[in-house]
Trainee: 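Here it is, the structure in full.
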Amino acid sequence: MLDIQRIRTETEAVKSSLATVGFAPNIIDRVLELDAQRREMQKEGDILRAELNAASKNIGREKDPAARQALIEAVGTVKSKIKDNEAAVPAVEVELDDLLLNIPNLPLPEVKVGPDDSHNDVVEVYGSAPTFDFEPRPHWELMESLGIIDFERGQKISGSRFYVLRGDGARLQRALITFMLDLHTRQHGYEEVYPPSMVRADCLVGTGNLPKFGDNLYRDHEEDFWWVPTAEVPVTNLYRDEILDGATLPIRHVAYSPCFRREKMSHGKDTRGIKRGHQFDKVELVRFERPEASRAALDELVAHARKVAQLLGLQHRLIKMCTGDLSFVSCIKFDIETWAAGCAEWLEVSSCSLFGDFQARRARIRFKDEDGKNRFVHTLNGSGLALPRVLISVIETYQQADGSIMVPQILRPYMGDQERIVRRGE
RNA sequence: GGGGAGGUGGCCGAGUGGCCGAAGGCGCACGCCUGCUAAGCGUGUAUACCUCACAAGGGUAUCGAGGGUUCGAAUCCCUCCCUCUCCGCCA
């Protein structure tokens with residue numbers, strides 16, 4: 001959510017900034033109109049209530065029954081005015097809040113202006129692509145022939161876009177998760193948390209998934225539980241409605257969680273393999289920072305996420321998004337993509353964002369600074385990394401001519417020193 | 001799933017219709033005092049919004065959340081959420 005005061009005082013700058021992320025700036029005019037109305041109504045209501053409060057105090061002091069009754073009757077008009085005022089307020093507030101919640105974050109000045117992802121910049125490519133003296137195969141073929149995935153039974157029990165990892169496939173994923181958690185907790189200073197995978201709607205408003213992106217979420221209507229699309233949601237909301245002691249910042253968390261997404265918008269996309277399922281696992285990094293430290297923290301976060309790909313020996317690249325490809329909530333965003341030799345494509349395995357105070361405003365996450373002033377924290381997050389796609393890259397990168405897969409060195413301690421994944425029984 | 005208790009300021013804890021934004025204690029901050037330390041004394045110590053210079057001052061709201069009764073509610077009524085506890089069940 002944008003600061004309404006900033007919208008008031010820097011209207012033109014806000015508008016032109018919004019235009020760069022493809023948002024129709026004329027909505028700002030309506031926001032200002034409603035904001036003025038809201039303040040006018042509040043002023044009116046406050047004055048009326050002050051009047052009523054004073055009158056009520058007098059009534060309490062008046063001992064004579066007749067005089068008392070007269071005073072009570074006299075406040076009748078004030079009361080009805082208050083009622084009228086109160087009746088008019090919700091319409092304005094609801095519309096204003098609704099607009100405010102649907103305005104995207106403003107990009108940082110350093111973010112290049114561009115209409116869509118074709119204008120993103122490749123910051124750097126790290127490592128080199130694996131070479132083969134045979135035709136590399138896609139992961140779905142490799143995994144099926146190794147017997148480490150079962151697409152058919154996954155679809156049987158849960159439908160399309162579900163699969164079952166089995167044997168060394170499941171084990172490899174588990175090894176990756178543990179490796180990532182260990183790396184971030186032991187080397188990078190993040191505290192591990194294991195959050196709920198179902199949350200209440202407020203949490204999703206806090207992170208910016210609601211109200212705008214509800215159709216990508218699974219929910220239980222009976223209980224008003226929502227399945228998290230990423231651990232970012234529960235972890236960011238850990239400190240919702242809190243005023244943190246400034247000395248505790250920065251707070252760094254890493255969380256492993258399953259993620260659930262409807263993927264309605266991407267029907268027909270990436271249907272082959274495990275690139276885009278309704279359920280997938282992810283290790284997520286979340287940080288809470290002082291505003292002045294947040295930009296540098298993003299670079300650090302990116303480095304931490306990238307380290308995973310690096311240690312796994314995967315060729316990867318860093319993409320800096322242009323304004324047109326920023327998410328609704330972020331003010332600057334980097335993607336990390338690993339190379340999948342079999343599919344011959346770059347896979348987005350991490351998306352690292354700085355949100356400024358955009359989420360903190362929605363979730364009311366503040367901290368008390370040295371002057372005793374309460375300020376909004378800056379939030380950041382990034383995958384560290386997303387499992388299925390890392391699995392794809394590992395399998396396709398380390399595939400051998402005979403269809404087996406070498407286990408990356410760094411993972412072997414997590415696989416009981418297993419060096420190679422071969423077909424069961426071989 | 002059933003029964004009982006309860007949710008008050010950073011924490012503990014009073015408070016059953018007006019004198020309560022809220023006693024008291026602890027903690028914390030600043031000051032004073034005591035030739036160290038400990039103790040003692042004084043003052044201060046929530047959040048948001050409006051007015052406004054993001055000052056002072058003033059106003060409004062907030063005692064889990066929402067709604068209601070009333071001139072007036074932390075206090076009464078309704079709904080919801082959460083916590084504890086006893087029983088049942090169970091990874």
Side-chain angles (χ1 to χ4, degrees), chain A residues 1-11 31-97 99-101 194-206 210 219-226 234 237-249 251 258 291-292 357 360-377:
Chain A
M1 190 152 57
L2 299 184
D3 181 1
I4 184 73
Q5 299 207 30
R6 184 165 171 201
I7 297 178
R8 262 183 233 148
T9 55
E10 300 168 34
T11 308
V31 166
L32 289 173
E33 198 177 306
L34 289 165
D35 176 53
Q37 278 180 36
R38 203 206 88 242
R39 280 185 294 159
E40 192 47 48
M41 284 172 155
Q42 176 174 349
K43 207 192 318 181
E44 226 171 277
D46 282 359
I47 291 168
L48 289 169
R49 265 185 293 275
E51 211 175 303
L52 178 64
N53 287 344
S56 294
K57 257 185 190 141
N58 281 332
I59 292 167
R61 278 193 284 265
E62 181 56 63
K63 295 294 180 246
D64 177 63
R68 194 186 175 96
Q69 193 52 40
L71 286 172
I72 289 175
E73 277 159 26
V75 297
T77 45
V78 181
K79 270 205 89 173
S80 72
K81 277 189 200 165
I82 290 176
K83 261 216 163 82
D84 292 346
N85 178 272
E86 279 175 352
V89 168
V92 173
E93 281 191 340
V94 165
E95 190 186 345
L96 181 58
D97 288 348
L99 289 180
L100 248 22
L101 285 173
Y194 176 78
S197 293
M198 293 191 285
V199 295
R200 304 204 175 280
D202 316 4
C203 293
L204 291 149
V205 174
L210 286 178
R219 76 181 287 195
D220 171 56
H221 289 269
E222 202 179 334
E223 305 273 2
D224 190 36
F225 275 132
W226 298 69
N237 279 280
L238 241 29
Y239 305 104
R240 199 182 65 204
D241 288 314
E242 290 193 29
I243 300 171
L244 301 163
D245 178 354
T248 63
L249 296 177
I251 295 172
E292 55 274 17
D357 62 10
R361 269 177 203 288
R362 292 176 157 240
R364 295 165 303 278
I365 307 169
R366 290 168 291 174
F367 72 99
K368 205 173 270 299
D369 71 10
E370 291 67 30
D371 309 327
K373 244 180 118 179
N374 295 327
R375 303 167 64 194
F376 286 108
V377 301

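Every chain is numbered from 1, with letters handed out A, B, ... down the list of sequences. Excluded from the calculations below are hydrogen atoms, water molecules and symmetry mates; all remaining heavy atoms, backbone and side chain alike, are included. Model, not experiment: these values are computed from the prediction.
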Trainee: With a 4.0 Å cut-off on heavy atoms, is A/Arg366 in touch with a base, just the backbone sugar-phosphate, or nothing at all?
Mentor: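 Sugar-phosphate only.
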Trainee: Of the nucleotides B/rG18, B/rA46, B/rC50, which has the atom closest to the A/Lys368 side chain?
Mentor: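 For A/Lys368, the side-chain atoms sit closest to B/rA46.
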Trainee: If pairing requires Watson-Crick or G-U wobble contacts with both distances under 3.5 Å, which nucleotide is the partner of B/rU75?
Mentor: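 In the structure as shown, B/rU75 has no Watson-Crick or wobble partner.
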Trainee: Scan every strand shown for a Watson-Crick or G-U wobble partner of B/rC36, both distances under 3.5 Å, and answer none if you come up empty.
Mentor: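 Paired with B/rC36, as far as the under-3.5 Å criterion goes, is no nucleotide at all.
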Trainee: Name the nucleic acid region contacted by A/Arg61, choosing base, sugar-phosphate or nothing; use a 4.0 angstrom heavy-atom cut-off, strictly under.
Mentor: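 Contact class for A/Arg61: none.
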Trainee: What is the pairing partner of B/rC52, taking Watson-Crick or G-U wobble pairs with both distances under 3.5 Å in any strand?
Mentor: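 Partner of B/rC52: none.
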Trainee: Take the protein atom CG of A/Asp245 and the nucleotide atom P of B/rC11, then report the distance between them rounded to whole Å.
Mentor: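 Roughly 14 Å, once rounded to whole Å.
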Trainee: For A/Ile47, which contact category applies under a 4.0 Å heavy-atom criterion: base, sugar-phosphate, or nothing?
Mentor: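 The residue A/Ile47 makes no contact with any strand.
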Trainee: Given that A/Gly60 and A/Ile72 both sit by RNA chain B, which one's nearest nucleotide is further toward the 5' end?
Mentor: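 Looking at the nearest nucleotide for each, A/Gly60 comes out on the 5' side.
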Trainee: Can A/Lys43 and A/Asp46 be counted as an ion pair, charged N to O under 4.0 angstrom?
Mentor: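 Result for this pair is no, no salt bridge flagged.
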Trainee: Would you mind classifying the nucleic acid contact of A/Arg38 as base, sugar-phosphate or nothing, using non-hydrogen atoms under 4.0 angstrom?
Mentor: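 A/Arg38: backbone/sugar contact only, no base atoms under 4.0 Å.
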Trainee: Report the nucleotide, chosen from B/rU47, B/rA61, B/rC82, that has the shortest atom-to-atom distance to any side-chain atom of A/Arg49.
Mentor: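 That would be B/rA61.
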Trainee: Scan every strand shown for a Watson-Crick or G-U wobble partner of B/rC26, both distances under 3.5 Å, and answer none if you come up empty.
Mentor: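 Across any shown strand, B/rC26 pairs with B/rG10.
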Trainee: Nearest whole Å is fine: how far is B/rG18 P from A/Lys57 NZ?
Mentor: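 A/Lys57 atom NZ is separated from B/rG18 atom P by 13 Å.
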Trainee: What's the gap between B/rU47 and B/rG64 when it is taken at their C1' atoms, as a whole Å value?
Mentor: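 Result for the C1' pair: 16 Å, nearest Å.
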Trainee: Between A/Lys81 and A/Asp84, does at least one N-O distance fall below 4.0 Å, as a salt bridge requires?
Mentor: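 No salt bridge links A/Lys81 with A/Asp84.
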Trainee: How many Å lie between CD on A/Gln69 and P on B/rU70, as a whole number?
Mentor: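 Distance, rounded to whole Å: 13 Å.
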Trainee: Judged by atom type as modelled, is there a donor-acceptor pair below 3.5 Å linking the side chain of A/Arg362 to the main-chain atoms of A/Leu101?
Mentor: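 Here the side-chain-to-backbone pair exists.
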Trainee: Please measure how far the P atom in B/rG4 lies from the corresponding atom in B/rG58, and state the result in whole Å.
Mentor: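 It works out to 48 Å between them.
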Trainee: Choose from B/rU51, B/rA46, B/rU60 the nucleotide whose nearest atom is closest to any side-chain atom of A/Arg39.
Mentor: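 Between B/rU51, B/rA46, B/rU60, the one nearest the side chain of A/Arg39 would be B/rU51.
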Trainee: For the side chain of A/Asn53, counting heavy atoms from C-beta on, which of B/rA61, B/rU47, B/rG18 is nearest?
Mentor: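 Taking heavy atoms from C-beta onward, the closest nucleotide is B/rA61.
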Trainee: Which nucleotide in the set B/rC71, B/rU60, B/rC81 lies at the smallest distance from any side-chain heavy atom of A/Arg200?
Mentor: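 Shortest atom-to-atom distance from the side chain points to B/rC81.
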Trainee: With respect to the side chain of A/Gln42, which nucleotide from B/rG18, B/rC50, B/rU60 is positioned closest?
Mentor: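 Selected nucleotide (nearest to the side chain): B/rC50.
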Trainee: Rounded to the nearest angstrom, tell me the gap between atom CG in A/Leu244 and atom C1' in B/rG10.
Mentor: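 The distance from CG of A/Leu244 to C1' of B/rG10 comes to 13 Å, rounded to the nearest Å.
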Trainee: Between A/Lys83 and B/rC71, is there a side-chain N or O to OP1/OP2 distance below 4.0 Å?
Mentor: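 Indeed not, no polar side-chain atom of A/Lys83 lies that close.
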Trainee: Is a donor on one side and an acceptor on the other found under 3.5 Å between the side chain of A/Arg240 and the backbone of A/Ala363?
Mentor: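 Side chain of A/Arg240 to backbone of A/Ala363, a donor-acceptor pair under 3.5 Å: no, none is there.
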Trainee: For B/rA5, which nucleotide in any strand shown is its Watson-Crick or wobble partner with both distances under 3.5 Å?
Mentor: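 Its partner is B/rU83 (Watson-Crick or G-U wobble, both distances under 3.5 Å).
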Trainee: Using purine N1 to pyrimidine N3 plus N6-O4 or O6-N4 for Watson-Crick, or N1-O2 and O6-N3 for G-U wobble, each under 3.5 Å, what pairs with B/rC90?
Mentor: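 With both distances under 3.5 Å required, B/rC90 matches none.
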Trainee: Categorize A/Ala50 for me: base, sugar-phosphate, or nothing, with a 4.0 angstrom heavy-atom threshold over every strand shown.
Mentor: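 The residue A/Ala50 makes sugar-phosphate contact but no base contact.
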Trainee: What does A/Arg8 touch in the nucleic acid at a heavy-atom separation under 4.0 angstrom: a base, only the sugar-phosphate, or nothing?
Mentor: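 Sugar-phosphate, no base atom in range.
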Trainee: If you look at every strand shown and take non-hydrogen atoms under 4.0 Å, does A/Leu71 touch a base, only sugar-phosphate, or nothing?
Mentor: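 Since no nucleic acid heavy atom lies under 4.0 Å of A/Leu71, the category is nothing.
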Trainee: For the P atoms, the ones on B/rG10 and on B/rA46, what distance do you get once it is rounded to whole angstrom?
Mentor: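 9 Å, rounded to whole Å.
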Trainee: Base, sugar-phosphate or nothing for A/Asn374? Non-hydrogen atoms, less than 4.0 Å.
Mentor: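 Counting heavy atoms under 4.0 Å across all strands, the contact made by A/Asn374 is with sugar-phosphate only.
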Trainee: A/Val92 pairs by side-chain contact (heavy atoms from CB on, under 4.5 Å) with which of A/Arg38, A/Gln42, A/Glu33?
Mentor: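 That would be A/Arg38.
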Trainee: Does this structure show an ion pair linking A/Asp357 with A/Arg361, if we count only N-O contacts that are shorter than 4.0 Å?
Mentor: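 Looking at A/Arg361 together with A/Asp357, the answer is yes, because their closest N to O distance falls below 4.0 Å.
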Trainee: With a 3.5 angstrom cut-off on both distances, give the Watson-Crick or G-U wobble partner of B/rG31, or none if there isn't one.
Mentor: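 With both distances under 3.5 Å, B/rG31 matches B/rC41.
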